[in-house]
Amino acid sequence: MKKTVVFGTFVAMGLAAGAGAAAAGTLDDVKTRGKLNCGVATGVPGFASPDANGEWQGFDVAVCRAVAAAVLNDPAAVEFVPTTGKTRFTALASGEIDMLARNTTWTFSRDVDLKFDFVGVNYYDGQGFLIPKEMGVTSARDLNGATVCIQTGTTTELNLADFFRINNIEYEPVPIETNAEAQQQYIAGACDVYTTDASGLAASRATFEDPAAHVVLPEIISKEPLGPLVRHGDNEWGDVVRWTLNALIAAEELGVTSANVADMAAEAGNNPEINRMLGTEGNLGEMLGLDADWAKRAIAVAGNYGEIFEKNIGENTPIGLARGLNAQWTEGGLMYAPPFR
């Protein structure tokens with residue numbers, strides 16, 4: 001029994017050491033390379049898409065840039081790798097990208113079977129339905145016999161089948177690969193309905209020539225917690241991405257913005273949590289394998305979570321999304337960062 005215990009201990013130590021080495025490898029690789037390889041969508045306005053100059057912009061893009069700033073002191077040191085619903089997981093598992101920051105839902109099988117770690121949620125979403133207003137349909141339950149554009153290799157595809165089965169209605173799927181293809185097919189009349197996350201529908205609708213001619217039906221048929229993910233075993237790297245996202249969320253709650261973060265770090269005020277997060281007290285940066293200013297740099301790029309939301313997808317943008325579940329927990333939402341201590 002003693003030999004078994006000792007052997008088991010060494011095996012556990014070996015596994016832990018192997019996992020630690022794998023994790024350290026990604027962080028070290030990014031530092032050595034001097035560039036973060038970040039997987040994003042092929043193009044979802046407001047979330048991730050190139051602007052007129054070819055520069056990637058958006059809500060998810062901001063997370064990539066914040067991580068690059070935290071690790072490399074350069075928010076521009078990012079190689080954005082467009083991925084589809086089918087290619088995104090292969091790109092991450094193979095090491096082509098260091099992290100995935102696109103509209104990807106945290107599910108049991110992706111976490112456990114595909115061996116990925118979701119480091120948090122940056123958008124709480126749910127699947128909806130977009131239709132031409134002239135159809136006169138007011139409920140998804142009235143879509144019997146409809147043709148539906150749907151991205152393959154997504155939870156959306158599975159949710160759609162479940163919803164129509166539960167409600168005993170028929171539909172004809174029109175499989176597509178990308179959001180851009182879905183928009184083209186929908187506008188061309190190849191399908192009656194486009195279904196995806198409600199945020200994605202809002203993003204697509206904003207690009208139409210006449211957005212008012214299209215409506216999102218009231219049903220939200222699923223829970224879609226969207227967030228960045230890394231590979232299993234990437235524990236140290238996962239901590240870096242996780243706590244960079246947490247810093248953006250906590251900064252909003254604590255009143256730290258892109259405009260005042262430098263002053264708040266320099267003044268080291270009376271709020272100890274702010275001081276710890278910004279590196280003027282304690283050694284949180286050292287625990288992450290980074291310097292003391294990592295969170296300060298992350299927040300300075302595009303601001304706190306609220307600033308990033310409002311700039312890219314908020315109610316005053318063409319996307320026009322209300323905070324809803326994505327409001328701070330102090331405002332009735334679900335956004336909540338663990339303590340910085």
Side-chain angles (χ1 to χ4, degrees), residues 35-68 76 78-107 110 114 116 118 122-123 125 127-128 130 148-160 173-188 190-191 193-209 211 214 224-230 241 308 312-313 317-319 321:
K35 181 176 66 176
L36 170 69
N37 294 328
C38 195
V40 292
T42 54
V44 178
F47 285 86
S49 60
D51 63 16
N53 298 318
E55 292 292 325
W56 283 86
Q57 305 290 344
F59 183 76
D60 290 326
V61 167
V63 176
C64 302
R65 294 199 187 280
V67 172
V78 185
E79 180 74 25
F80 291 100
V81 181
T83 63
T84 68
K86 284 187 173 180
T87 65
R88 54 185 165 174
F89 298 131
T90 303
L92 181 58
S94 68
E96 179 185 355
I97 56 177
D98 304 307
M99 59 179 286
L100 183 63
R102 72 188 297 283
N103 48 332
T104 298
T105 304
W106 188 348
T107 71
R110 289 172 177 177
L114 295 185
F116 297 128
F118 284 78
N122 71 331
Y123 194 92
D125 211 343
Q127 184 173 334
L130 180 71
V148 184
C149 279
I150 182 147
Q151 292 188 51
T152 56
T154 64
T155 56
T156 311
E157 191 174 22
L158 305 176
N159 296 334
L160 180 69
V174 178
I176 46 90
E177 289 285 338
T178 67
N179 184 63
E181 183 185 352
Q183 291 182 34
Q184 292 168 1
Q185 296 280 56
Y186 172 78
I187 291 296
C191 53
V193 184
Y194 177 31
T195 183
T196 188
D197 298 338
S199 63
L201 297 179
S204 295
R205 182 174 176 270
T207 67
F208 294 166
E209 185 176 343
H214 306 267
E224 307 291 331
L226 311 178
L229 55 155
V230 299
V241 180
I308 293 169
N312 293 287
I313 59 176
T317 69
I319 312 302
L321 295 173

Between [atom1] on residue [X] and [atom2] on residue [Y], distance to nearest 0.5 Å:
X: I308; Y: F59; atom1: CD1; atom2: CZ; result: 7.5 Å
X: L114; Y: T107; atom1: CG; atom2: OG1; result: 7.0 Å
X: L158; Y: Q127; atom1: CG; atom2: CD; result: 9.5 Å
X: W106; Y: L229; atom1: CH2; atom2: CG; result: 10.0 Å
X: I176; Y: Y186; atom1: CD1; atom2: OH; result: 13.5 Å
X: L36; Y: M99; atom1: CG; atom2: CE; result: 6.0 Å

Q: Could you name each residue pair satisfying salt bridge (charged side-chain N to carboxylate O under 4.0 Å, His left out) that touches residues 81-97, not counting sequence neighbours?
A: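 Every pair satisfying salt bridge (charged side-chain N to carboxylate O under 4.0 Å, His left out) with a residue in residues 81-97: K86-E177.
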
Q) What pairs meet the salt bridge (charged side-chain N to carboxylate O under 4.0 Å, His left out) rule with one or both residues in residues 37-53, with sequence neighbours excluded? A) none

Q) Are R110 and T105 close enough, and set up right, to give a side-chain contact (heavy atoms from CB on, under 4.5 Å), and what steps lead you there? A) CA-CA 9 Å; R110 289 172 177 177; T105 304; 3.7 Å; yes

Q.
Restricting to salt bridge (charged side-chain N to carboxylate O under 4.0 Å, His left out), what partner residues turn up for E181, sequence neighbours left out?
A.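 Expected list: none.
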
Q) D98: what forms a salt bridge (charged side-chain N to carboxylate O under 4.0 Å, His left out) with it, not counting sequence neighbours? A)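 With sequence neighbours excluded, D98 shows a salt bridge (charged side-chain N to carboxylate O under 4.0 Å, His left out) to R33, given in chain and number order.
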
Under the rule for side chain to side chain donor-acceptor pair (under 3.5 Å), what residues qualify as partners of [X], not counting sequence neighbours?
X: N122; result: D60
X: Q151; result: Y194
X: R102; result: T83
X: T154; result: none

Q | Candidate pair C149 and V174, rule side-chain contact (heavy atoms from CB on, under 4.5 Å), full reasoning | A | CA-CA 5 Å; C149 279; V174 178; 4.1 Å; yes

Identify the two heavy atoms, one from [X] and one from [Y], that lie closest to each other, and give their separation to 0.1 Å.
X: P45; Y: T207; answer: CG-CG2, 3.5 Å
X: T156; Y: T195; answer: CG2-O, 3.5 Å
X: I97; Y: C38; answer: CG2-C, 4.3 Å
X: E79; Y: N37; answer: CB-OD1, 3.3 Å

Q: For residues 196-206, pull every pair meeting side chain to side chain donor-acceptor pair (under 3.5 Å), keeping only residues two or more places apart or in separate chains.
A: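 Listed once each, the pairs are D125-S199, N179-S204, Q183-S204.
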
Q | Pair T152, E157: side-chain N/O donor-acceptor within cut-off below 3.5 Å | A |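 Note: T152 and E157 side chains miss the donor-acceptor criterion.
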
What pairs with [X] under side chain to side chain contact (heavy atoms under 4.5 Å, CB included), at least two apart in sequence or on another chain?
X: S49; value: none
X: A206; value: P318, I319
X: I187; value: F208, H214

(Q) Between F116 and L92, is there a side-chain heavy-atom distance shorter than 4.5 Å? (A) yes

Q: With side-chain contact (heavy atoms from CB on, under 4.5 Å) as the test, would you mind laying out the steps for E55 and F80 before giving the verdict?
A: CA-CA 10 Å; E55 292 292 325; F80 291 100; over 6 Å; no

Q: Report the C-alpha separation of L321 and Y123 in whole Å, then their side-chain angles, then the decisive distance to 0.1 Å, and conclude whether the side-chain contact (heavy atoms from CB on, under 4.5 Å) test is met.
A: CA-CA 11 Å; L321 295 173; Y123 194 92; 3.4 Å; yes

